[in-house]
Asks: 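Structure incoming, see below.
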Amino acid sequence: MMQERAPVTGDLKHAKKLRILMTHWDGGGNGPPQRALARELNRRGHDVHVLTHNSLASAVATDGGKFHSLATAPQWDPAQPRSTEEEGAFVVQNVVGSSAFAADFHAVRGALDPDICLIDAMLVSTVNLAIDKELCFAAINHTAWIVDGACTGFLDSIAAKLAGPAAGSKFFELLARAPLVLATSYREFGTQLD
């Protein structure tokens, strides 16, 4: 059953202003829900910071956030022509399973001292680091709860190589360790909302 969004009530001016660090990548399908979330958080008066690829700097500013560039993880430019194999290798090494991306997140988080972090669930190494360090965070799952298929199999293969407490996990087992998972989906995507 799909739940309707409750109207915003109360005086937003008196709500606690949070410093939020969002961390995601320029992957296409993950962008719209995360940008919508950033805009809503900004509208509610929160201090939104976004760590992502340089290709999204203007989008972050448009959404009212403060952009933070990745210091060591390689930049991703979806407009750059790549073969399917090159694109897949880049995403595995420099995004999903990237220790550099996780380290960049950890450095920015340390400098900002946010109240909460919102991490793209596909950033498997970054989610793993947040779990290992017992950080206050939510994983943003835009892949829905589809446990079979190529995407989940790909994410499972990355999660299986993790070190630390989540070693040998599958993707959804890793997400089950997160303090909170925010799932973005719609009925036509095949998500079971019961």
Side-chain angles (χ1 to χ4, degrees), residues 1-71 73 75-80 91 94-96 98 101-102 104-124 126-127 129-130 135-146 151 155 175 178-191 193:
M1 164 181 351
M2 181 162 297
Q3 295 181 354
E4 295 297 318
R5 182 176 157 187
V8 176
T9 59
D11 185 358
L12 295 178
K13 292 179 183 174
H14 293 91
K16 181 180 189 282
K17 180 178 177 178
L18 299 175
R19 180 178 296 139
I20 300 166
L21 173 58
M22 299 183 74
T23 304
H24 57 82
W25 65 295
D26 192 357
N30 64 329
Q34 298 210 52
R35 289 190 64 197
L37 180 57
R39 287 190 299 270
E40 181 62 19
L41 291 168
N42 186 53
R43 185 188 74 75
R44 292 183 183 212
H46 299 297
D47 184 19
V48 179
H49 295 258
V50 181
L51 173 67
T52 190
H53 292 112
N54 290 350
S55 55
L56 291 175
S58 63
V60 170
T62 298
D63 297 337
K66 295 168 186 75
F67 172 73
H68 297 267
S69 182
L70 296 161
Q75 292 295 323
W76 168 254
D77 182 356
Q80 180 181 349
V91 170
N94 301 306
V95 179
V96 179
S98 173
F101 206 118
D104 287 348
F105 158 76
H106 194 53
V108 171
R109 187 215 160 267
L112 285 176
D113 191 27
D115 295 296
I116 188 167
C117 300
L118 303 175
I119 305 171
D120 186 320
M122 287 188 74
L123 298 174
V124 171
T126 305
V127 169
L129 180 140
L135 302 179
C136 180
F137 81 100
I140 308 296
N141 179 15
H142 50 86
T143 65
W145 298 107
I146 299 173
C151 184
L155 294 169
L175 288 189
L180 177 66
V181 177
L182 301 176
T184 62
S185 189
Y186 47 94
R187 187 179 306 280
E188 292 80 7
F189 196 54
T191 303
L193 298 172

Asks: Tabulate below the donor-acceptor pairs under 3.5 Å that side-chain atoms of residues 18-27 make, not counting sequence neighbours, or state none.
Replies:
unit_1, atom_1, unit_2, atom_2, d
Arg19, NH1, Leu112, O, 2.8
Asp26, OD2, Ser55, OG, 2.7

Asks: Holding to side chain to side chain donor-acceptor pair (under 3.5 Å), I want the full list of residues that pass it with Asp63, two or more places apart in sequence or in another chain.
Replies: Arg35, Arg39
Asks: Using the side chain to side chain donor-acceptor pair (under 3.5 Å) criterion, which residues pair with Gln80? Sequence neighbours excluded.
Replies: Arg82
Asks: Hey, are the side chains of Ile140 and Gln34 touching, using non-hydrogen atoms and a 4.5 Å cut-off?
Replies: yes
Asks: Evaluate the side-chain proximity of Leu155 to Met122: yes if any heavy-atom separation is below 4.5 Å, no if none is.
Replies: yes
Asks: Distance from Leu129 atom CG to Leu135 atom CG, nearest 0.5 Å?
Replies: 6.5 Å
Asks: Can you tell me how far the CG atom of Asp77 sits from the CG atom of Leu56, to the nearest 0.5 Å?
Replies: 10.0 Å
Asks: Any side-chain heavy atom of Leu118 sitting closer than 4.5 Å to one from Leu41?
Replies: yes
Asks: Decide yes or no on salt bridge (charged side-chain N to carboxylate O under 4.0 Å, His left out) for Lys16 and Asp115, but give the supporting numbers first.
Replies: CA-CA 11 Å; Lys16 181 180 189 282; Asp115 295 296; 3.6 Å; yes
Asks: Any donor-acceptor pair under 3.5 Å linking the side-chain atoms of His142 with those of Asp120?
Replies: yes
Asks: Holding to ring-ring contact (aromatic ring centres under 6.0 Å, His included), I want the full list of residues that pass it with Phe137, two or more places apart in sequence or in another chain.
Replies: none
Asks: Within this structure, what is the CG-OG1 distance for the pair Leu182 and Thr184, rounded to the nearest 0.5 Å?
Replies: 9.0 Å
Asks: Going by side chain to side chain donor-acceptor pair (under 3.5 Å), name the residues that satisfy it together with His49, two or more places apart in sequence or in a different chain.
Replies: Asp47, His68
Asks: Should Phe67 and Ser58 count as side-chain neighbours, where that means a heavy-atom distance under 4.5 Å?
Replies: no
Asks: With rounding to the nearest 0.5 angstrom, report the CG to CD1 distance, Asn141 to Ile119.
Replies: 13.0 Å
Asks: Could you check whether any side-chain heavy atom of Leu123 comes within less than 4.5 Å of a side-chain heavy atom of Val96, counting everything from C-beta outward?
Replies: no
Asks: Checking Asn42 now: which residues fulfil side chain to side chain donor-acceptor pair (under 3.5 Å) with it, not counting sequence neighbours?
Replies: none
Asks: Distance check, rounded to the nearest 0.5 Å: Thr126 atom OG1 versus Asp104 atom CG?
Replies: 8.5 Å
Asks: May I ask you to check whether Phe101 and His53 place their ring centres under 6.0 Å from each other?
Replies: yes
